[in-house]
Colleague: 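Have a look at this one before I ask anything.
Residues: numbered from 1 along the sequence shown.
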Amino acid sequence: MLNKYSSKLTQDIDQPASQAMLYGAGFSDEDMKKAQVGIASTGYEGNTCNMHLNGLAAIVKKGVQNAGLKGLIFNTIGVSDGMSMGTNGMSYSLPSRDVIADSIETIAGAHFYDSLATIVGCDKNMPGAIIAMSRLNRPSIMVYGGTIHSGYYKGEKLNIVSAFEALGKKYTGQISDEDFKGVIKNSCPGAGACGGMYTANTMASAIEALGMSLPYSSSAPATSDKKAGECLSVGAYLNILLEKDIKPSDIITAESIQNALVVGMVLGGSTNLILHFLAIAKSANIKLTLQDIQKLSDKTPLLADLKPSGKYMMEDLDAIGGVQSIMKMLAAEGLLHLDCMTVTGKTVRENLKEAPDLPAGQDIIYPLSKPIKSTSHLQMLYGNIAIDGSVAKITGKEGEFFEGPARVYTSEEDLNAGIINKEIQAGEVIVIAYVGPKGGPGMPEMLKPTSLLMGAGLGDKVALITDGRFSGGTHGFVIGHLSPEAIEGGTIGLVQNGDIITIDTANNKINAQVSEEEFAARRARWVKPPYRVTSGSLYKYIKNVSSASLGCVTDL
């Protein structure tokens with residue numbers, strides 16, 4: 001019985017009003033017998049990541065109908081990180097993950113859909129969709145909207161980070177007004193999510209490895225025939241999942257989450273990988289801690305020469321076989337769990353039998369015998385200013401140790417102004433406090449200041465630590481997610497200008513060279529500042545969100 005949920009509305013004699021409304025919505029007698037697929041799109045105009053998703057949803061619906069199922073499209077929100085970055089609009093980005101999850105759960109739960117297909121683009125779309133699928137636990141497939149193609153200007157390959165870094169060059173006189181405008185106008189040539197191994201492509205790759213999207217979903221470009229073909233095939237695969245009753249709980253396991261994290265680490269993925277998979281694990285009732293993730297980091301190498309710290313883009317990865325070819329290589333080295341179920345109705349092992357080998361001569365993915373870094377670039381650091389942990393993104397190019405005097409800011413806006421006004425000195429550790437989940441609120445990403453630092457030539461000369469977080473487009477010596485956050489009494493809020501900060505990523509330590517007695521004296525004088533908002537959706541988020549060390553979940 002494929003329509004075991006929707007039959008509550010379509011077959012139950014006690015639901016005449018439900019049936020009347022479905023007939024009014026265009027259902028035939030035959031449709032009333034079919035399993036219903038809720039097709040959730042995060043599509044909306046005005047953002048390259050999401051502008052094409054409603055079109056892809058229509059293709060998914062066609063494939064669903066071809067498979068003998070009844071597809072019903074509905075929409076949920078998305079927030080453009082790239083557009084809101086550097087403004088207080090960024091406070092809405094991380095909370096949007098929970099709005100997406102809650103709205104998908106609400107529609108599918110209220111309308112008794114038997115199955116779900118989600119068509120998602122920008123960063124928070126993907127974990128939001130997976131969290132909803134996990135909560136509902138009905139046969140489901142996530143479709144990634146795909147990566148954008150590279151832009152070009154005067155022979156230079158561009159992406160969204162190019163636009164951010166051009167601002168730093170403008171303020172330091174390294175770029176003309178004409179070229180500044182040329183970079184901006186050519187960085188994003190059309191539809192698709194940001195093209196490096198930033199958060200969108202990180203999460204898409206990890207979710208493909210998790211088994212919740214179809215093979216090759218993460219690397220197929222947004223406007224490619226391959227992406228359209230994937231969308232058309234979703235209905236047939238949902239039919240398999242419905243017939244076999246394969247649910248997210250059969251796919252999302254401790255082992256498949258490890259696969260996802262390993263692939264994300266190998267590819268040089270965003271620190272947001274950690275934040276989102278803590279939340280995904282929570283939704284699936286699977287125990288996952290920062291300590292568990294560190295154990296994986298210790299034995300997982302960094303192999304991909306991908307932006308932001310490397311050379312290549314996601315479209316280049318697609319050209320050499322995508323995530324499936326990389327997983328095939330990792331499987332041969334014993335780094336993956338191969339018996340995990342996937343949305344194809346087959347195991348990882350079975351899927352990889354059909355995957356091509358990485359082509360000879362490619363230089364995007366390094367061999368395990370010669371990694372870019374022998375352990376993961378994602379490291380969990382602890383110390384007196386991160387008692388509950390923090391997340392560092394260190395590829396090795398920055399070194400593994402940094403020590404210097406603190407220069408403290410309590411907002412991103414103040415830091416950005418400080419960079420523009422040339423307050424920052426080489427050798428300093430920049431501290432941005434009071435921008436965590438509650439303090440931000442919404443734990444805004446710090447791509448604008450890190451890009452300004454890069455553009456100003458300081459990217460390899462300073463470190464930056466924060467109780468906020470970083471975009472997947474960030475590179476440099478950066479540590480985020482310091483917990484507890486400042487506004488909740490975290491020690492990062494007690495750091496003062498000139499305090500010596502020591503960051504030792506090789507030994508997973510981050511400390512201020514301040515005595516316990518001095519910190520105690522500062523704490524006695526500390527007065528908790530008011531929250532930045534006192535009403536509306538952000539205030540509700542403040543009242544419910546957990547620490548970054550727990551994944552910023554709102555349903556503890």
Side-chain angles (χ1 to χ4, degrees), residues 271 274-275 289-291 294 379-394 399-415 418 423-444 446 449 462-470 476-532 542 545-552:
T271 51
I274 309 302
L275 193 72
T289 66
L290 290 179
Q291 292 87 347
Q294 184 59 52
Q379 296 291 320
M380 317 307 123
L381 309 186
Y382 297 85
N384 64 359
I385 55 174
I387 295 167
D388 293 340
S390 63
V391 181
K393 183 180 183 182
I394 306 295
E400 294 184 315
F401 184 89
F402 198 105
E403 185 173 84
R407 183 174 291 275
V408 180
Y409 296 91
T410 56
S411 74
E412 181 186 356
E413 293 80 8
D414 288 346
L415 171 57
E423 295 173 1
I424 311 300
Q425 304 298 313
E428 291 181 330
V429 178
I430 303 167
V431 180
I432 317 179
Y434 296 97
V435 290
K438 294 177 183 287
M443 206 179 179
M446 301 293 156
V462 297
L464 197 158
I465 68 174
T466 181
D467 54 3
R469 61 195 175 97
F470 293 104
F477 207 107
V478 297
I479 297 90
H481 308 199
L482 272 73
S483 300
E485 63 175 297
I487 205 165
E488 294 299 288
T491 319
I492 186 177
L494 304 178
V495 174
Q496 296 178 358
N497 284 333
D499 289 345
I500 301 300
I501 307 292
T502 303
I503 307 166
D504 182 356
T505 65
N507 292 295
N508 301 97
K509 294 180 180 179
I510 181 168
N511 286 289
Q513 302 307 311
V514 177
S515 68
E516 291 183 13
E517 292 78 11
E518 174 60 20
F519 267 143
R522 293 180 189 180
R523 189 175 298 282
R525 298 190 297 269
W526 180 74
V527 177
K528 181 175 180 175
Y531 293 124
R532 296 181 199 268
I542 289 170
V545 69
S546 74
S547 164
S549 63
L550 300 176
C552 293

Colleague: Which heavy atom of Pro529 sits nearest to which heavy atom of Tyr434, and what is that distance?
Modeller: CG-CE2, 3.6 Å
Colleague: With distance as the sole criterion, is a donor-acceptor pair present between the side chains of Tyr382 and Gln294 under 3.5 Å?
Modeller: no
Colleague: Apply side chain to side chain contact (heavy atoms under 4.5 Å, CB included) to the pair Met380 and His481, showing each step before the final yes or no.
Modeller: CA-CA 10 Å; Met380 317 307 123; His481 308 199; over 6 Å; no
Colleague: With rounding to the nearest 0.5 Å, note down the distance linking OG1 in Thr502 to NZ in Lys509.
Modeller: 11.0 Å
Colleague: Kindly say whether Ala406 contributes a backbone atom to a donor-acceptor pair with the side chain of Asp499 at under 3.5 angstrom?
Modeller: no
Colleague: Atom CD1 in Ile432, atom OH in Tyr409: separation rounded to 0.5 Å?
Modeller: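 If I round to the nearest 0.5 Å, the distance is 9.5 Å.
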Colleague: Please indicate whether Gln291 has more than 12 foreign heavy atoms, meaning atoms of other residues, nucleotides or ligands, lying under 6.0 Å from its CD.
Modeller: yes
Colleague: Which of these, Thr505, Thr271, Asn508, Asn507, sits in a side chain to side chain donor-acceptor pair (under 3.5 Å) with Gln379?
Modeller: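 Of the listed residues Thr505, Thr271, Asn508, Asn507, the side chain to side chain donor-acceptor pair (under 3.5 Å) partner of Gln379 is Asn508.
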Colleague: To the nearest 0.5 Å, tell me how far Asp414 CG sits from Glu423 CD.
Modeller: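 That separation rounds to 8.5 Å.
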Colleague: Side chain of Asp467, backbone of Val435: donor and acceptor closer than 3.5 Å?
Modeller: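 It does hold such a pair.
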Colleague: Considering only heavy atoms from C-beta outward, does the side chain of Val462 approach that of Phe477 to under 4.5 Å?
Modeller: no
Colleague: Is the backbone of Lys438 close enough, under 3.5 Å, to the side chain of Glu485 for a donor and an acceptor to pair up by distance?
Modeller: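 Side chain of Glu485 to backbone of Lys438, a donor-acceptor pair under 3.5 Å: yes, one is there.
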Colleague: Looking at every non-hydrogen atom in both residues, tell me the closest pair between Glu412 and Pro449 and how far apart they are.
Modeller: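 For Glu412 versus Pro449, the nearest heavy atoms are OE2-CD, 3.1 Å.
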Colleague: Nearest 0.5 Å please: distance from the CD1 atom of Ile274 over to the CG atom of Leu290.
Modeller: 7.5 Å
Colleague: To the nearest 0.5 Å, what is the distance between CD1 (Ile385) and CG (Leu482)?
Modeller: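 CG of Leu482 is found 5.5 Å from CD1 of Ile385.
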Colleague: Would the distance check show the side chain of Asn511 and the main-chain N or O of Asn384 forming a donor-acceptor pair, the cut-off being under 3.5 Å?
Modeller: yes
Colleague: For Ile487 and Pro530, which heavy atoms make the closest approach, and how far apart are they?
Modeller: CD1-O, 4.1 Å
Colleague: Search all heavy atoms of Gly427 against all heavy atoms of Pro405 and return the closest pair with its distance.
Modeller: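 For Gly427 and Pro405, the tightest heavy-atom pair comes out as O-CD, 3.6 Å.
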Colleague: Any side-chain to backbone donor/acceptor pair from Arg469 onto Ala548? Under 3.5 Å, distance only.
Modeller: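 Side chain of Arg469 to backbone of Ala548: no pair is present.
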Colleague: Measure the CD1-CD1 distance between Ile479 and Ile503 for me, rounded to the nearest 0.5 Å.
Modeller: 4.0 Å
Colleague: Might you point out which heavy atoms bring Ala433 and Gly493 nearest each other, and give the distance in Å?
Modeller: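 Result for this residue pair: CB-CA, 4.4 Å.
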Colleague: Would you sort out whether Leu464 and Leu415 count as a side chain to side chain contact (heavy atoms under 4.5 Å, CB included), showing the intermediate values?
Modeller: CA-CA 11 Å; Leu464 197 158; Leu415 171 57; 4.0 Å; yes
Colleague: Spell out, as yes or no, whether a donor-acceptor pair under 3.5 Å connects the side chain of Ser483 to the backbone of Asp388.
Modeller: no
Colleague: Any donor-acceptor pair under 3.5 Å linking the side chain of Asn497 with the backbone of Val408?
Modeller: yes
Colleague: To check you understand the geometry: which heavy-atom pair defines the closest contact between Gly439 and Arg532, and what is its length?
Modeller: O-NE, 2.8 Å
Colleague: Are the side chain of Arg407 and the backbone of Glu428 linked by a donor-acceptor contact shorter than 3.5 Å?
Modeller: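 No; judged by distance alone, with no hydrogens or angles, the pair does not exist.
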Colleague: Would Ile465 and Ser390 satisfy side chain to side chain contact (heavy atoms under 4.5 Å, CB included), going step by step from the backbone distance to the final call?
Modeller: CA-CA 9 Å; Ile465 68 174; Ser390 63; over 6 Å; no
